[in-house]
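Working notes for the structure below.
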Amino acid sequence: MDHEKPFAITLDVGSSLANKTGAWRTERPVYLDLLPPCNQACPAGENIQQWLYHAEGGGYEAAWRQIMADNPFPAVMGRVCYRPCETACNRGQLDESVGINSVERFLGDEAVRNGWTVPMTASATGKHVLIVGAGPAGLSAAYHLRLLGHDVTIRDAGDAPGGMMRYGIPRYRLPREVLDAEIDRILAMGVRLESGCHVTDVVAALTEFDAVFLAVGAHIAKRAYIPAGDSARILDAVALLHDVEDAQPPMLGRRVVVYGGGNTAMDAARTAKRLGATDALVVYRRTRERMPAHDVEVTEATDEGVAMKWLSTIARADGETVTVEKMRLDDKGFPQPTGEFEELAADTVVLALGQEADLALLDGVSGIETEDGVVRVGPTLMTGHPGIFAGGDMVPSERTVTIAIGHGKNAARQIDSWLRKGDHRAPQPAALASFDKLNTWYYSDAHATVRPQLEAARRVSTFDEVTGGLDESTALFEARRCLSCGNCFECDNCYGVCPDNAVIKLGPTRRYEIDYDYCKGCGICVSECPCGAIEMRPEPG
Amino acid sequence: MPLQPIKFYQTGSFVVGNRLLDPDERAVQARIDRTNSLNCGHRACQGCGEALGARYALDAAMRATGNQMVAVNATGCLEVFSTPYPETSWRIPWLHSLFGNAPAVATGVAAGLKAKGRSDVRVVGQGGDGGTVDIGFGCLSGMFERNDDVLFICYDNEAYMNTGVQRSGATPPAARTTTTPAIGPEPGNVFGQGKNVPAIAMAHEIPYVATATVADLRDLEYKVTRAMDFRGARYLHVLVPCPLGWGSASGDTIRIARLAKESGLFPVFEAEGGEVTDVSKIRRRVPVEDYLRLQTRYAHLFGEHGHPGTVARIQAVADRNIRRFGLVEGE
Ligand SMILES: Cc1cc2nc3c(=O)[nH]c(=O)nc-3n(C[C@H](O)[C@H](O)[C@H](O)COP(=O)(O)OP(=O)(O)OC[C@H]3O[C@@H](n4cnc5c(N)ncnc54)[C@H](O)[C@@H]3O)c2cc1C
Ligand SMILES: Cc1ncc(C[n+]2csc(CCOP(=O)(O)OP(=O)(O)O)c2C)c(N)n1
Ligand code: SF4
Ligand code: SF4
Ligand code: SF4
Ligand SMILES: [Mg+2]
């Protein structure tokens, strides 16, 4: 009532909350989760950003469990993966990529140390799947199929499971305790492993099982015709590495020439050094830039004293020498002979010219198509024969452990959906969180952590692991270098910078909400979100 | 002790909150229970830096004073957009009188509280650059000279915005306002005029003088809090971009404030008793052009009929600041 108001005041005091400024808006901010480039690049489909998010807060077990949702081999990955994630990482454009792989290794080792396991919660389906081959593809499929409630039997020709992880990749890069621990964890989930069992008849197997996943890899060494004298000693890299693993290393002599330019050639040469060769020389027909071997592998090999001879082919091998011909690259980058020859001392020649898949077990199976020596599969990894799926090195692939693991996961999900007569399609990925979407101002300056390396002397005389891991504090530091591309990490910027208090903070882990009653659509939150997790969209209607 | 940056926690102390920090190490603005001194529903333009700066500063002051605080406001956007009678956005004791007398009114409030023995209640005066450096300047200087127990905050948007962008004593050279049009051989505001009020405040040798921007919230909050450690006259000069008057995108408000500091055009420092005690170093130095190009009030400097010589003069202003204040590490 008027007479109760102070002098000259005629209206009641009101709050500006009555003024819904949201009506001014033509565009509205919307929270989203984008696809970080690391995730996009990971062949095993890991949600890297998400597990780094857990690790950043010291939640190592949660981080490890997030990896395990996609990849049952974090400790192996942290040692042998070629890290396409780090190549794609946005931080690489700021200073240096996040050391994703070293954090992954730390988490994998923590899990082994603490004996963490993955609970199986799915109820048994009563379906039984046969997996042929206990390499990374087969083991990954087994793990995921068990998580989906299926019974799994693996038949593997080898004495011990692991495929090329055991019989190819040398111990100095992947210690066997680590490999065993991660394989044993999978087997302990109730996977039946029949080792020493060479499968020859897949169709027969199909009568016993509800579905089959083939993951036999590519084990037959490619040969090249090299004229050789009687006393010449020529062997192939796959056999060499296999025999070393079986503790029956062959006699190589002092001077070893490895022929080929891939990772296998590097491993063969480095292994030869460890077996006592004084000279290990890699002969490759093209240049270093064109070598298929990864940079780290070449660098580590040269660090250990492995010599390289580029632009050369082996023309002839004899007892104590090889004859190489110099090559030159033509306009198209192909090596062409020059007619210039050179003789080099060599006790043994090791051929590392790639591998082919042994597809004999598919002879006569209807519907199977092959192409360039590998089995053709569709996006569901099913071959042309219903119920037979295939993955890993035996299908078209860049042939890495990580790709094989990704195939195993995909195969498991596809087999599951096929068995349930469903239609498994991976959800449409979100838009990419590209570098230009970030506001990098907000990130601290921090250079990558370097992993410790074994001293040179012990590297060439033992099979001890060459590259060390990070400790807790350095792993934490490295995890915190992650920019969390495209996914909110609760920095409170949007909540802080809104001039209209129109961002509601919901509390830890619950993120934020826009109050569209008052948001005027200025877009400051979008500009100042460090990781690009907010977008302006035209007002609906 | 100057603000201690938090060294490495992914985003260090660059962001508002950062979930990896202890709650006490996060900004006041990260708190769910912050005062929100200036509430929703105010009528400031989209992306108004002044509305943002005022909430930043007053929320920090409320926290520093244990919510025992009175604010006095000069006429200007902040007053007009927050309090169209009988509605208000203020959630704190708040007083408005005139355009030119806010420092004097604040002095009066402080004197009144003193007379009542309420030394626990602190007084903040605030106004735009027009209200501070021009029309209210006499009152402000008097408040300084008497060392009245008031923290006066100037929200500097470099012109009289509320009445439609007229030049003030804080308008920078070459900027276009409605009274300094972009015509003639030297378009926009003239060089060599205007007032540097932080320096004038320091010349009064009052206990505390500081500058800040809405781009560095931690620093702004620290300075408000630090100011409350002192009794007597204190002055805080905050750069608050104005999308309307500067002709910038509403989403660029903080970016522009950041570029003002990173280019050296707006030195961020603090001073006690007339002596500079700390400066905020430039982290990623940029040419002034990066700052100017985002604002149409400088549009006449660029393009076919641009004025590169004028840009160079502005760059010289920034370079001089960098030298004077030692804004670049190791220079
Ligand atoms: C020397 C070397 C180093 C490498 N280094 C790396 C590296 O650092 N990083 C990386 O990512 N990749 C590396 N690779 C590639 C990687 O090892 C392979 O791409 C990967 O192991 C393929 O996995 P897979 O499961 O398809 O097959 P494999 O690992 O080859 O496993 C196939 C399994 O099937 C079994 N098998 C085959 N035929 C039959 C049959 N008929 N019946 C029953 N069992 C059968 C085999 O015994 C074997 O256990 C390397 C390869 C080599 C050779
Ligand atoms: C004595 C007097 N003269 C003029 C005005 C009109 N007036 C109101 S606000 C204002 C300009 C305010 O400019 P500034 O202080 O810079 O604040 P801003 O609006 O830019 O935030 C003017 C000229 C007035 N209210 N009183
Ligand atoms: S910064 Fe983090 S989220 Fe972004 S790409 Fe790198 S690892 Fe992934
Ligand atoms: S600004 Fe920070 S809190 Fe807001 S969405 Fe982006 S990351 Fe999350
Ligand atoms: S004119 Fe400028 S200062 Fe005034 S409300 Fe609009 S943006 Fe804010
Ligand atoms: Mg103004």
Side-chain angles (χ1 to χ4, degrees), chain A residues 9-22 24-25 29 56-58 439-446 477 479-484 489-502 504-509 515 517-528 530 536, chain B residues 5-20 26-32 34 36 38-56 81-91 214-215 217 243 249-255 258 262 283-284:
Chain A
I9 301 295
T10 54
L11 297 172
D12 284 321
V13 176
S15 158
S16 64
L17 289 176
N19 185 29
K20 300 280 172 68
T21 52
W24 303 11
R25 223 174 32 238
E56 283 151 28
N439 186 337
T440 60
W441 170 263
Y442 290 104
Y443 298 104
S444 306
D445 308 303
F477 175 92
R480 288 176 172 185
R481 293 183 63 245
C482 172
L483 313 174
S484 194
F489 60 108
E490 296 185 39
C491 75
D492 289 332
N493 258 15
C494 50
Y495 176 62
V497 302
C498 174
D500 293 282
N501 309 344
I504 302 164
K505 175 170 168 168
L506 300 173
T509 74
D515 184 348
D517 278 350
Y518 297 103
C519 165
K520 293 171 184 162
C522 69
I524 296 184
C525 55
V526 174
S527 308
E528 303 306 323
M536 286 313 264
Chain B
I6 290 155
K7 276 272 176 345
F8 187 71
Y9 275 108
Q10 186 173 41
T11 46
S13 42
F14 294 117
V15 293
V16 171
N18 189 342
R19 71 187 170 104
L20 301 172
R26 305 180 199 177
V28 174
Q29 286 302 313
R31 304 176 70 94
I32 289 189
R34 72 188 186 201
N36 277 338
L38 182 67
N39 210 358
C40 314
H42 62 70
R43 289 160 157 83
C45 304
Q46 288 175 320
C48 173
E50 188 165 76
L52 186 60
R55 193 189 74 226
Y56 280 0
F81 72 59
S82 65
T83 315
Y85 174 75
E87 234 173 56
T88 188
S89 309
W90 294 106
R91 303 189 349 137
V214 285
L217 169 65
S250 60
D252 277 347
T253 296
I254 291 181
R255 173 175 300 145
R258 185 157 56 232
E262 293 298 296
R283 179 167 171 238
R284 296 185 187 170

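Everything numeric here is computed off the predicted structure, so don't read it as measured data. Lettering of chains follows the sequences in order, A, B, ..., and the numbering in each one begins at 1.
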Residue pair Gly521(A) / Ser250(B): nearest heavy atoms and the distance that separates them: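 Minimum heavy-atom contact is O-OG, 4.5 Å.
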Where Tyr443(A) and Thr11(B) come nearest, the two heavy atoms and their spacing: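 Looking at all heavy atoms of both residues, the closest pair is CD2-CG2, 3.8 Å.
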Please flag which part of [X] lies under 4.5 Å from any non-hydrogen atom of chain A: side chain, backbone, both or neither.
X: Arg19(B); value: both
X: Cys48(B); value: backbone
X: Ile254(B); value: both
X: Glu262(B); value: side chain

Lys NZ or Arg CZ of Arg283(B) over Trp441(A) ring: under 6.0 Å, within 45°: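 Because its charged atom sits under 6.0 Å from the ring centre and within 45° of the axis, Arg283(B) does stack over Trp441(A).
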Arg34(B) to Tyr495(A) six-membered ring, cation-pi geometry met (6.0 Å, 45°):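 Cation-pi check for Arg34(B) and Tyr495(A): passes.
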N/O donor-acceptor pair under 3.5 Å between His42(B) side chain and Pro499(A) backbone: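 Indeed, once roles are kept as given, a pair shorter than 3.5 Å links the two residues.
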Which answer fits [X], side chain, backbone, both or neither, if we ask what part of it has an atom under 4.5 Å from a heavy atom of chain B?
X: Val497(A); answer: both
X: Cys494(A); answer: neither
X: Thr509(A); answer: neither

All side-chain hydrogen bond (donor to acceptor under 3.5 Å, both in side chains) counterparts of Glu528(A), not counting sequence neighbours: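 Glu528(A): side-chain hydrogen bond (donor to acceptor under 3.5 Å, both in side chains) contacts with Asn439(A), Tyr442(A), Arg258(B).
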Max heavy-atom pair count under 4.5 Å with chain B, selected residue of Lys20(A), Glu490(A), Lys520(A), Met536(A):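 Between Lys20(A), Glu490(A), Lys520(A), Met536(A), the count favours Lys520(A).
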Which residues share a salt bridge (charged side-chain N to carboxylate O under 4.0 Å, His left out) with Arg91(B), sequence neighbours left out: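 Here no residue qualifies.
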Contact leader toward chain A among Asp252(B), Thr88(B), Leu38(B), Leu217(B), where contacts are heavy-atom pairs under 4.5 Å: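 Ranked by contacts with chain A, first place is Thr88(B).
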Top of Ser89(B), Gly47(B), Cys40(B) for chain A proximity - count of heavy-atom pairs under 4.5 angstrom: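 Of the candidates given, the most pairs with chain A belong to Cys40(B).
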Contact check, side chains of Pro86(B) and Asp12(A), non-hydrogen atoms, under 4.5 Å: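 In short, these two side chains do not touch, never coming nearer than 4.5 Å.
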Any Leu20(B) side-chain heavy atom under 4.5 Å of Phe489(A) side chain: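 Leu20(B) does not reach Phe489(A) side chain to side chain.
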